[in-house]
Amino acid sequence: MTFGLFDILFSDKIKDAKIIFVVGGPGSGKGTQCEKVVAKYGYTHLSSGDLLRAEVASGSERGKQLQAIMQKGELVPLDTVLDMIKDAMIAKADVSKGYLIDGYPREVKQGEEFEKKIGKPCLLLYVDAKGETMVKRLMKRGETSGRSDDNEETIKKRLDLYYKATEPVIAFYEGRGIVRKVDSELPVDEVFKQVSTAIDALK
Ligand SMILES: Nc1ncnc2c1ncn2[C@H]1C[C@H](O)[C@@H](COP(=O)(O)OP(=O)(O)OP(=O)(O)O)O1
Ligand SMILES: Nc1ncnc2c1ncn2[C@H]1C[C@H](O)[C@@H](COP(=O)(O)O)O1
Ligand SMILES: [Mg+2]
């Protein structure tokens, strides 16, 4: 991997910005909590899923390929999603004091590559809910979301993949001591109190 002048300038610009990974199962409430963090703390919310859906909505050839993968509940290639996140971070580097990286890393390798190319997270917010709760929430959300992956078959695949590929991410960062778990079985505002406690504790 080579670093150019541009990468050095980017690293310098974001050196004081907090990077928070927001990890949890599909429908656990990551996006819901991130919106509240944006409102209270003014951080920049970057959801990897939202970035990918924007590419799909653009109608590009790449978007068509991504849609086929997401429809099946599978993960898109690491480089694609990391490049999108990095570009979105660069676009906000002058104004952002903190980044919420929602839905990333989905596997340990994604976390390692992020740290090589962008920087280290200071916190991993683990948004925890039971499998049955997540399925219920997504089935309900699917009535209005328009998301092609909010259907019974794809929800099951997304959940299986979460347990297999993403839960090890939490164990990986627990080893670093930066994981804070919030109980997303509780009402949204109660969950947010726990989220706020974790963010307020950051130096
Ligand atoms: N604590 C909560 N209690 C009840 N409903 C909740 C709670 N948090 C979120 N929801 C609802 C809002 C949505 O309709 C649905 C999923 O929440 P959302 O924030 O979109 O999850 P998510 O971002 O983790 O899902 P995905 O991984 O699919 O993007 O559940
Ligand atoms: N970090 C990611 N790596 C690979 N694929 C991803 C990532 N984030 C989102 N995706 C794909 C696969 C997911 O099923 C869909 C929807 O993501 P969501 O976080 O539920 O909005 O996008
Ligand atoms: Mg979401």
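We count ligands from 1, going down the list as the structure has it; atoms in each ligand are counted the same way. Remember, predicted model here, so these are calculated numbers, not experimental data.
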>> Does the plane of the ring in Phe21 sit parallel, tilted or perpendicular to the ring in Tyr173? Use 30° and 60° as the thresholds.
In response: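 Ring orientation, 0 to 90° scale: perpendicular.
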Within the structure, does [X] bring an N/O atom to less than 3.5 angstrom of an N/O atom in ligand 2?
X: Gly103; answer: yes
X: Asp50; answer: no
X: Arg106; answer: yes
X: Ser47; answer: no

> Is the shortest distance from a heavy atom of Lys30 to ligand 2 less than 4.0 Å?
Replying inline: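 Flag not set, Lys30 not near ligand 2.
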> Is the closest heavy atom of Glu107 to ligand 2 under 4.0 Å?
Replying inline: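 Flag not set, Glu107 not near ligand 2.
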> Looking at Asp149 and Met70, what are the two nearest heavy atoms and their distance?
Replying inline: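 Nearest heavy atoms, Asp149 then Met70: CB-O, 3.7 Å.
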> Where do Met139 and Asn151 come nearest, in terms of heavy atoms and distance?
Replying inline: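 Here Met139 and Asn151 meet closest at SD-C, 4.4 Å.
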Considering only protein heavy atoms, which is closest to [atom], and at what distance to one decimal place?
atom: atom 20 (O) of ligand 2; result: Arg147 NH2, 2.9 Å
atom: atom 6 (C) of ligand 2; result: Leu52 CD1, 3.7 Å
atom: atom 8 (N) of ligand 2; result: Ser48 OG, 2.8 Å
atom: atom 3 (N) of ligand 2; result: Gln110 NE2, 2.8 Å
atom: atom 12 (C) of ligand 2; result: Glu74 O, 3.3 Å
atom: atom 5 (N) of ligand 2; result: Val76 N, 3.1 Å

> Which atoms of ligand 2 are found less than 4.0 Å from any heavy atom of Arg158?
Replying inline: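 Listed by number with element, the hits are 20 (O).
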> Which of the atoms in ligand 2, numbered in the order shown and given with their element, are less than 4.0 Å from a heavy-atom of Asp149?
Replying inline: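 Result: 16 (C).
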> What do we get for Leu78 next to ligand 2 when only non-hydrogen atoms under 4.0 Å count, side chain, backbone, both or neither?
Replying inline: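 Answer for Leu78: neither.
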> Could Asp83 and Lys86 be called an ion pair, given the rule that one side-chain N must be under 4.0 Å from one carboxylate O?
Replying inline: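 Lys86 and Asp83: not salt-bridged.
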> Salt bridge or not for Lys193 and Asp189, using N-O below 4.0 Å?
Replying inline: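 Result for this pair is no, no salt bridge flagged.
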> Does the side chain of Val23 come within less than 4.5 Å of Lys30's, by heavy atoms?
Replying inline: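 Sidechains of Val23 and Lys30: no contact.
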> Do Arg158 and Leu161 have side chains that get closer than 4.5 Å, going by heavy atoms?
Replying inline: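 Side chain of Arg158 against side chain of Leu161, heavy atoms only: no contact under 4.5 Å found.
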>> Show, in sequence, the C-alpha distance, side-chain angles and deciding distance for Thr32 and Val127, and conclude whether the side-chain contact (heavy atoms from CB on, under 4.5 Å) test is met.
In response: CA-CA 10 Å; Thr32 301; Val127 182; over 6 Å; no
Report, one line per pair, each donor and acceptor closer than 3.5 Å where one atom sits in a side chain of residues 92-100; sequence neighbours left out.
residue, atom, partner, partner atom, Å
Asp94, OD1, Lys13, NZ, 3.1
Ser96, OG, Thr44, OG1, 2.6
Ser96, OG, Gly98, O, 2.9
Lys97, NZ, Tyr41, O, 2.9
Tyr99, OH, Met89, O, 2.9

>> Assigning hydrophobic clusters by single linkage (Ile, Leu, Val, Met, Phe, Trp, Tyr; side-chain heavy-atom cutoff under 4.5 Å), is Val56 placed with Leu46?
In response: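 Same cluster: Val56 reaches Leu46 through Ile, Leu, Val, Met, Phe, Trp or Tyr contacts under 4.5 Å.
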> Any donor and acceptor pair, going by atom type alone, linking the side chain of Arg137 with main-chain N or O of Ser28 inside 3.5 Å?
Replying inline: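 Yes; judged by distance alone, with no hydrogens or angles, the pair exists.
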>> Less than 3.5 Å apart, any donor N or O on the side chain of Ser60 or Glu55 sitting next to an acceptor on the other?
In response: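 The answer is yes; a qualifying pair exists.
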>> Show me, by chain and number, every protein residue that has a heavy-atom distance under 4.0 Å to ligand 1.
In response: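 Protein residues near ligand 1 are Gly25, Pro26, Gly27, Ser28, Gly29, Lys30, Gly31, Thr32, Arg137, Leu138, Arg141, Arg147, Arg158, Ser184, Leu186, Pro187, Val188, Val191.
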> Can you list the steps and then say if Gln33 with Leu125 is a side-chain contact (heavy atoms from CB on, under 4.5 Å)?
Replying inline: CA-CA 10 Å; Gln33 293 303 318; Leu125 269 181; over 6 Å; no
